[in-house]
Each structure stands twice: as C-alpha cells, then as structure tokens.
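Since the structure comes first, as structure tokens, the remarks are kept for the end.
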Number of protein chains: 2
Amino acid sequence: MAYSKNDKVLKEAASRLKSLGIRPLSHRVAVYGHLMHVNNHPSVEEIYSELKQSIPTLSKTTVYNVLDHLCEHHAVRKIVIEGREARYDAMTHDHIHFKCNTCNLIYDIEQPKVPQLNLPAGYEVTTTQVYIEGLCPHCAKHMH
Amino acid sequence: MAYSKNDKVLKEAASRLKSLGIRPLSHRVAVYGHLMHVNNHPSVEEIYSELKQSIPTLSKTTVYNVLDHLCEHHAVRKIVIEGREARYDAMTHDHIHFKCNTCNLIYDIEQPKVPQLNLPAGYEVTTTQVYIEGLCPHCAKHMH
DNA sequence: ATATTTGCAAATAATTTGCAGTCGA
DNA sequence: TCGACTGCAAATTATTTGCAAATAT
C-alpha cells in the first residue's frame, strides 16, 4: 500500500487537487491519493499509520490539517455518523452509506442513487447524505 | 422546563417505555420524557444540566448509561453527523435532518418523508437516516 | 520576504471504565 | 437476596491549540 513517488495514483491525485483549486503540496497529495485509492472509509488514525510508513516525518496534526483543508475545499467528505472517530471519503460522487450491524462494516451503495428530495419552500440543499443501517448480504446468509 | 412528578410528559414517557419493553426507572423516564418534550437535538451535556436541576443527584455517567440503554432498545436515536458530541432524538417517527451551514441549527423536516430505497438484493434495512446540509429559509432571506 | 504549512507537546472535550454502594423485583 | 442500576473518580480517546521551525511562491 506504499506508493512510489511516480505512482499513477499520486499524479492523478495532484491533478485533481489542482483542478479543485488546491495547491498540491506533498502531504495533501499523499492523503488525498490514499483516500482515492482505498475503498473503505479510513479514520485519521488509519490514514496516519498507513502513510507514516512511506512518509516517516508525517505527524498526525498534519493529517488533521490536511483533511480539514480538503474538506473545506470539498475534495473530501467527513462522515461521522456514529462512534467517536470521524471517517473520510474521497468525494468522487454521491453514494449511500450502509452499515451492517453485525459485521460493522460500512459499505458504499452506488445503486440506487441518493434521491433528490423536494424540501419545503425556502430550503436550499447543498449536500444530501443517506445512511442506512441493517444487515449486509453476507451476514444475512450466515443467519441461517 | 422542570417537570413535576405527575407531569403528563412523564406519564406518557413511562407508558411508552413500558410498551417498548423497557423498565420505566425514574432516570430513564426523566431522560426519555425530556427528549420527547424538547424539539431540539440535545447533547449529553445539555440533557444532563437540564435534568440536574430537578434531579440533583443525577450523574453524567447515568445519562450516558440511560441513553445507551434507550438506544439499544430503539427508544431514542443517536445522531452524530458531525462535530464531536453526539446528539439524541426521541424516535417517535422518521424525519429528515437539515443543517443550515450559516446558522448551524438542525431542523427537523417532516415533509417529504424519508424515502424507502430499494437496495441491491440481500441487504436488509433496519433504519434509514437522511441528513441534508444547506441554507435554511431564514438565512437565505438574509443573504440579500 | 511573506504567508502558509508542518510537527511536537500540551491542552481540551467527550466518552468509557472500574468499582463500591444502592435500588427494585 | 440477586442482578440491575447509579455515581464518583480516574482513564482513555479523538481532536484542537500554541508555537517555533521549515517550506513554497
């Protein structure tokens, strides 16, 4: 999971950051590239200990700083549905989050799409998040 | 906001707890009654300092214990969309949460209803939460 | 040159835990 | 009586802050 400097992922990450108007500093590129690359929803701790291996000087404060910055500029999304620690998601597109109450994994659901809801007059919607809890197919199967 | 022992709210709370199979101990009734009564989404701290006035022996640990218990038995819902502190909601019915990014208030939206989503085969849904961010009518008006 | 970013250590804040005493059936 | 509940104090955990050094343009 350690990337070489020339990794495609990092180049792609840098270029996306640029197009979002975010200066592609090395730590930002590393964090953002990591989020783009993994499919789970890592916590600060997970991001930190993963990247620490390839960037030994990295501090956790910097991970917090970078994530805050990326959040403010809408490059990543913070999801804090439950539990104590925030999780982060490279916001490539809207999708539903599903948490299995048995295995505790969080799944990304691409279909159906996050619905467009008609709020009462006057409300202006920026983002819509849908969070579903239940039983995932794998755990449901094991119930029998 | 301090209730007398014979308050309707407390009787109603006790009876709802019973029907949910939860023993209506006094602290539970107090916390649950409070959540049913207020329309905002109080944090542990807010619940604690509010109830402390009428129940001077109350400890914050107990508020945590009671809320955990009520959550497990689906009498209340924990919402931790962002920020560090969890907020709690008496789960009388499903509704959408809307957070205004300007005034930071969280609104309950009753209409439209939380949609029923058809997940891929095998997923079993227990609860669906919808969280929308944007601009509330009041703040939108002040933008001009 | 100047504003931004980094990273350590310390501070803060929310929550959890250990445990002894109390309460309810 | 027995298991569930309470509440204090201490521990833990995630996050924030202060500040000095390093970096980017």
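None of these values were measured; they are calculated from a predicted model. Naming convention: chains lettered A, B, ... in sequence-line order (proteins, then strands); numbering from 1 in each chain.
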Distance in angstrom units between A:Y48 OH and D:dT13 C1', rounded: 15 Å

Quick one: B:I47 CD1 to C:dA14 C1', roughly how many Å, whole number? 14 Å

Could you tell me whether B:S43 contacts a base, only the sugar-phosphate backbone, or nothing, with contacts defined as non-hydrogen atoms closer than 4.0 Å? nothing

Does B:Q111, at its CD atom, have more than 12 non-hydrogen atoms belonging to other residues, nucleotides or ligands within less than 6.0 Å? yes

Validation row: B:K52, B:V63 side chains within 4.5 angstrom (heavy atoms): no

Considering residues at least two apart in sequence or located in another chain, which fulfil the side-chain hydrogen bond (donor to acceptor under 3.5 Å, both in side chains) criterion with A:H27? none

Partner of B:E45 under salt bridge (charged side-chain N to carboxylate O under 4.0 Å, His left out), picked from B:R84, B:K60, B:R87, is B:K60

Checking one residue: B:I132. Which other hydrophobic residues are in its cluster under the side-chain 4.5 Å linking rule? A:I96, A:F98, A:L105, A:Y107, A:I109, A:V114, A:L117, A:L119, A:Y123, A:V125, A:V130, A:I132, B:I96, B:F98, B:L105, B:Y107, B:I109, B:V114, B:L117, B:L119, B:Y123, B:V125, B:V130

Backbone N/O of B:H69 and side chain of B:E72: donor-acceptor pair under 3.5 Å: no

If only atom types and distance count, is the side chain of B:E46 paired as donor or acceptor with the main-chain N or O of B:S43 below 3.5 Å? yes

When rounded to the nearest 0.5 angstrom, what is the spacing between NE2 in A:H73 and CZ in A:R23? 10.5 Å

Applying side chain to side chain contact (heavy atoms under 4.5 Å, CB included), can you list everything that pairs with A:A75, at least two apart in sequence or on another chain? A:L17, A:L20, A:I22, A:Y32, A:L70

Between A:D89 and A:H95, do the side chains contain an N or O donor and an N or O acceptor separated by less than 3.5 Å? yes

Taking only nitrogen or oxygen atoms into account, show me every contact under 3.5 Å that the protein makes with nucleotides 19-25 of chain D, one pair per line with its distance.
none

Set out, line by line, the N/O atom pairs under 3.5 Å between protein and nucleotides 15-17 of chain D.
{"residue": "D:dT15", "atom": "OP1", "partner": "A:A86", "partner atom": "N", "Å": "3.0"}
{"residue": "D:dT15", "atom": "OP2", "partner": "A:Y64", "partner atom": "OH", "Å": "2.7"}
{"residue": "D:dT15", "atom": "O5'", "partner": "A:Y64", "partner atom": "OH", "Å": "3.3"}

Helix axis bend for the helix from C:dA1-D:dT25 to C:dA25-D:dT1 - C1'-based end axes, five pairs, 10° rounding: 40°

Under-4.0 Å side-chain N/O to phosphate OP1/OP2 contact, A:H69 with C:dT4: no

